Amino acid sequence: MLRVEGLQKSFDGFMAVSSADLRVGKGEIVAVIGPNGAGKTTLFRLITGEHLPDKGRVIFKDEEITGLPPHEICRKGIGISFQIVNIFQRMTVFDNVQVAVLAHQRKTGKLFSPARALAVEETEKILRNVGLIEKTRSVSGSLSHGDQKVLEIAIALGSNPDLLILDEPTAGMAREETSAAIDLIHRMTDELGLTILFCEHDMDLVFSIAGRIMVMHQGKSIIEASPDEVRSNKQVQEAYLGVS
Ligand SMILES: Nc1ncnc2c1ncn2[C@@H]1O[C@H](COP(=O)(O)OP(=O)(O)OP(=O)(O)O)[C@@H](O)[C@H]1O
Ligand SMILES: [Mg+2]
C-alpha cells in the first residue's frame, strides 16, 4: 500500500531524515520506533505532504505521491493524527468530526444538498466506532487528554482514509486510556479494514500490536523486520532498546 524509498529532508543544513525506507502492506499495523529526534515525525510529514522531501520517493497504492500538497494526499486516502493534539477546543466533539467529514465530501465533490444529513450519519458512525458517541455534545476542550487524542483519530477518520498514520497515539494517556486505544487500533484494522502506521515510545504497546517494526536512528531507517527480529537485533539494542 505504501512504499517509501530513500527519503531525505534537511532543515537549514540539519539532516532530520537522511535516508528512510519503509513498506506498509494493506491491513498491516506497522510501527516506527527510535529515540527522540530520530526523525519519525518528519518522516510522517514527508509522507503526508506537509514537508517536501529533498530526495526520495513516496508511492501510495502504486502511484507516486512525492511532493503533492497535503489535501491531495489526504484525498488519495492517507489520514494522520498528530503528536500534538490539534482540535478545535471550543467546538463540540460532534462538530470537530463533522467539519472533517464535510471537508472531505466537498473535496471529493460529494457535497450535494442532502450532504449535511449524510455527514451527520457518517459523523455519528465514526464517533460510535471510536467510542466517543456518549460525548458528542461535549465541548472538545473539556475532554480528558486521552479522549482528545481519540477525537484526533476520529477527525482523521473523517476523510475516510485507507492508511491512517498515528504520531504517538497514546502519549500522555492513563493506563486504561492506553488499553482502550490499543483496542481501537485493533478494531480499526479488523473491522474498518484500515492500514495503520504509527510511532510510539511505549515499547510494551509497540511490541504488543505492531506486525512489523521499522527502527529509525539519527534520520536513517536501520532495520525493518518482525518484532522478534527487531528485539534481538544487536544494532537496535545498541542504538535504542539498550538505552531506554
Ligand atoms: N521544522 C523543523 N525545522 C528545523 N528542525 C526540525 C524541524 N522539524 C524537525 N526538526 C529536527 O529534526 C530532528 C528530527 O525531528 P523529529 O520531530 O522528526 O523527531 P522524532 O523522531 O519525531 O522525535 P520525538 O520522538 O521526540 O517526537 C530533530 O532534531 C528536530 O529538532
Ligand atoms: Mg515526533
Side-chain angles (χ1 to χ4, degrees), residues 2 4-24 29-58 65-70 73-74 78-87 145-146 148-153 155-156 161 163-173 177-178 181-182 185 196-210 212-225 227 230-231 233 235-244:
L2 178 77
V4 168
E5 294 173 351
L7 270 194
Q8 192 178 96
K9 176 71 182 176
S10 57
F11 298 107
D12 305 317
F14 173 76
M15 198 80 91
V17 171
S18 54
S19 127
D21 293 280
L22 178 68
R23 274 163 189 268
V24 182
I29 301 179
V30 175
V32 176
I33 63 171
N36 293 115
K40 304 177 298 292
T41 297
T42 305
L43 169 64
F44 288 173
R45 289 180 181 269
L46 287 166
I47 295 170
T48 58
E50 271 131 89
H51 291 320
L52 210 58
D54 303 331
K55 268 193 201 162
R57 304 200 304 158
V58 182
I65 58 165
T66 325
L68 290 182
I73 291 178
C74 176
I78 302 182
I80 183 161
S81 156
F82 292 102
Q83 185 168 1
I84 295 158
V85 170
N86 195 18
I87 56 180
H145 174 75
Q148 292 195 16
K149 299 276 287 185
V150 173
L151 177 56
E152 269 266 14
I153 294 175
I155 291 168
L163 170 66
L164 182 60
I165 299 180
L166 306 170
D167 196 341
E168 299 194 22
T170 68
M173 279 190 181
E177 290 175 330
T178 300
I182 293 174
I185 291 171
I196 291 184
L197 172 64
F198 75 106
C199 74
E200 187 55 73
H201 287 287
D202 179 341
M203 287 304 119
D204 290 339
L205 181 143
V206 167
F207 282 93
S208 67
I209 67 172
R212 267 179 337 106
I213 298 173
M214 185 270 252
V215 184
M216 274 191 99
H217 186 58
Q218 296 175 347
K220 282 196 186 63
S221 39
I222 57 174
I223 181 177
E224 198 184 338
V230 166
R231 214 193 309 255
N233 183 281
Q235 208 185 347
V236 175
Q237 288 171 354
E238 280 163 14
Y240 188 39
L241 296 175
V243 298
S244 70

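Sequential numbering from 1 along the given sequence is applied to the chain's residues. Everything numeric in this text was worked out from a predicted model, so none of it was measured. Start at 1 and go down the list; that is how both ligands and their atoms are numbered.
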May I ask you to test the [X]-[Y] pair for a side-chain heavy-atom distance under 4.5 Å?
X: V4; Y: D21; value: no
X: V30; Y: L22; value: yes
X: I80; Y: F44; value: yes
X: F82; Y: I155; value: no

Could you list which atoms of ligand 1 come closer than 4.0 Å to a heavy atom of [X]?
X: E168; answer: 25 (O), 27 (O)
X: N36; answer: 23 (O), 24 (P), 25 (O), 26 (O)
X: F14; answer: 11 (C), 12 (O), 13 (C), 29 (O)
X: T41; answer: 17 (O), 18 (O), 20 (P), 22 (O), 27 (O)

Between the main-chain N or O of [Y] and the side-chain N or O of [X], is there a donor-acceptor pair closer than 3.5 Å?
X: E168; Y: C199; answer: no
X: D54; Y: S10; answer: yes
X: K220; Y: A38; answer: no
X: Q237; Y: R231; answer: yes
X: T66; Y: V58; answer: yes

For ligand 1, the portion of M216 having any non-hydrogen atom under 4.0 Å away: neither

Protein non-hydrogen atom found under 4.0 Å from atom 31 (O) of ligand 1: no

Can you check whether a protein heavy atom sits less than 4.0 angstrom from atom 6 (C) of ligand 1? yes

Nearest non-hydrogen partners of [X] and [Y], listed with the distance:
X: Q8; Y: S18; result: NE2-O, 3.2 Å
X: G67; Y: P53; result: N-CD, 4.5 Å
X: A156; Y: L164; result: CB-CD1, 3.5 Å

Is R45 close enough to touch ligand 1? Criterion: a residue heavy atom under 4.0 Å from a ligand atom. no

Any atom of ligand 1 sitting under 4.0 Å from a heavy atom of G34? no

What are the protein N/O/S atoms, named by residue and atom, that sit under 2.8 Å from the Mg ion (ligand 2)? T41 OG1, Q83 OE1

I'd like to check whether H51 has a polar contact with ligand 1, where a contact means an N/O of the residue lying under 3.5 Å from an N/O of the ligand. no

Which residue and non-hydrogen atom of the protein lie closest to [atom], and at what distance in Å?
atom: atom 3 (N) of ligand 1; result: F11 CG, 3.4 Å
atom: atom 14 (C) of ligand 1; result: G37 O, 3.3 Å
atom: atom 12 (O) of ligand 1; result: A16 CB, 3.2 Å
atom: atom 27 (O) of ligand 1; result: Q83 NE2, 2.9 Å
atom: atom 16 (P) of ligand 1; result: T42 OG1, 3.6 Å

For R212, is there an ion pair with E224 - N to carboxylate O distance below 4.0 angstrom? yes

